[in-house]
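Every chain is numbered from 1 and lettered A, B, ... according to where its sequence line falls, protein lines coming before strand lines.
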2 protein chains.
Amino acid sequence: MSRTVLVVEDEAPIREMLKFVLEQSGFNIIEAEDYDIAQEKICEPYPDLILLDWMLPGGSGVQLAKSLKQHEFTRDIPVIMLTARGEEEDKIRGLDAGADDYVTKPFSPKELIARIKAVMRRVTPTSNEEPIEFNGLKLEPVSHRVMANEEPLDMGPTEFKLLHFFMTHPERVYSRELLLDNVWGTNVYVEDRTVDVHIRRLRKAISRHGHDAMIQTVRGAGYRFSTKL
Amino acid sequence: MSRTVLVVEDEAPIREMLKFVLEQSGFNIIEAEDYDIAQEKICEPYPDLILLDWMLPGGSGVQLAKSLKQHEFTRDIPVIMLTARGEEEDKIRGLDAGADDYVTKPFSPKELIARIKAVMRRVTPTSNEEPIEFNGLKLEPVSHRVMANEEPLDMGPTEFKLLHFFMTHPERVYSRELLLDNVWGTNVYVEDRTVDVHIRRLRKAISRHGHDAMIQTVRGAGYRFSTKL
DNA sequence: GTGCACTGTGACACTTTTATTAAAACGATT
DNA sequence: AATCGTTTTAATAAAAGTGTCACAGTGCAC
């Protein structure tokens, strides 16, 4: 899950430094020197977070922050403001303008990363976390656990994801490739047949009460999760 | 559920004003003019939040804030600092001293109330005072104690908070980052792996009667407190 | 029934993640 | 400043999970 951060900062060296630090931590970076460029670049790759310098030529950071919070499509992108020490007033105005957090320059890379992650966590809350159950096989996303008739089962992360996918997409055949895309993630290079092995492991893991019968092989097509025999 | 706020402010008119504003919003108010009186009054009705003026005769506000954060029983009470405009440096020191937020005088009543509520929201989930028990492992928030089958256990403060968090949020996986957010606090920047060490110490501390089995590793996801094996 | 193409399985070399330990850093106390 | 208890970091060991392969089964078409 690679996240994209838009860095809006006029001073090239600082921008470079930010880019380095953030990429080091696995973020994708889009850069913008000023208000206008930021406006342009914001639309297309749609960043997960914006790092915004308070001091910008051609339109202040606050101005940008405000305009972001106005538009529907950008309203929900979290913003972290970069302010120089001593511009305390600005911080307050920045927060008023809709910034989610601020970091004082000079900052430690560690703090920056931590704040970015914290803000992202706050903003990206719940996907579908409801437990799913079929024939006594229950998967609880919240506790990250699978139970067969109330009895907890043990399986690896990949098997869990695989089962999760199957249970959320039952009664439908998926080719090995499709499974790789959906469970492993796109652009992952693994052998098709690897799926077989994980299917095997998953079946083994849920076999105690015979739930492995729901993981069905469809010869020549792939696999299917189905409650019907 | 009426919340109590301790107002520590030396200037009577401002204190009156604060009292008025806060009571208007449904809070209970305890007043204190200075450091010493605050120290006295803090114990008994146990406020839900402290509103603390930076400028106090007989001991500065920061001093009080620090001493509050030192003592176990008052450590978890959130503090909002009141600072005069222009004391920018103080704000920073105030936050360092452990204040949860600050408000600049003069402030709008609306802003003050909003910040108080925000801070309380952040902090509240932790403040359940009922003892919790799972499988003979009992945690008593009030006495700040953990017992395994009536036998008191020994652990450090962080382990206690960690266990407290786990026991109030059982059957749920938490990533290291989430644990740091919830147990250490939002603006603390430590390595993810630090959690491992505390998990280890916590497990060790509660292992005498095998309760460590409830602290479960969920590979690739984090840790979970669960009564099920 | 035979052969062919597809799937199942166990083993293994390799990665990634977690546990454990020891040492450094920190903070409060004296 | 020295000390004690705790937290954090860093280093290393241990464990768990992964992807591939070779070969064993299976089912299907003929």
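- Phosphate contact (OP1/OP2 of D:dC21, side-chain N/O of A:Arg193, threshold under 4.0 Å): absent.
- Dashed line: the shortest gap from a side-chain N or O of A:Trp184 to OP1 or OP2 of D:dG19 is under 4.0 Å.
- Note on ring orientation: taking the six-membered ring where Trp is involved, the planes of A:Phe166 and A:Phe225 are parallel (angle under 30°, cut-offs 30° and 60°).
- Between the side chain of B:His211 and the backbone N or O of B:Asn135, at least one donor-acceptor pair lies under 3.5 Å.
- A distance-only check finds no donor-acceptor pair linking the side chain of A:Asp212 to the backbone of A:Lys204 [under 3.5 Å].
- For the residue pair B:Arg201 and B:Thr158, no side-chain donor N or O sits within less than 3.5 Å of a side-chain acceptor on the partner.
- Within a heavy-atom distance below 4.0 Å of DNA chain D, the residues of residues 195-220 of chain B found are B:Val197, B:His198, B:Arg201, B:Arg219.
- Using cut-offs of 30° and 60° on the angle between ring planes, the pair B:His144 and B:Phe160 is parallel.
- Partners of A:Asn182 under the side-chain hydrogen bond (donor to acceptor under 3.5 Å, both in side chains) rule, at least two apart in sequence or in another chain, do not exist in this structure.
- Residue B:Glu191 contributes atom CD, which lies 11 Å from atom P of D:dA11 at whole-angstrom precision.
- At least one side-chain nitrogen or oxygen of B:Tyr223 sits closer than 4.0 Å to the OP1 or OP2 atom of C:dA19.
- Contacts between residues 152-163 of chain A and DNA chain D, counted as heavy-atom distances below 4.0 Å, involve A:Gly156, A:Pro157, A:Thr158, A:Glu159.
- Here the P atom of nucleotide D:dT8 and the CG atom of B:Asp192 are 13 Å apart, to the nearest Å.
- Below 30°, between 30° and 60°, or above 60°: for A:His169 and A:Tyr174 the angle between ring planes is above 60°, a perpendicular geometry.
- No side-chain donor-acceptor contact under 3.5 Å links B:Glu9 to the backbone of B:Leu51.
- Applying the 4.0 Å criterion to OP1 and OP2 of D:dT20, one finds that A:Thr194 has a side-chain N or O inside that range.
- Side-chain nitrogen and oxygen atoms of A:Arg176 include at least one within less than 4.0 Å of the OP1 or OP2 phosphate oxygen of C:dT7.
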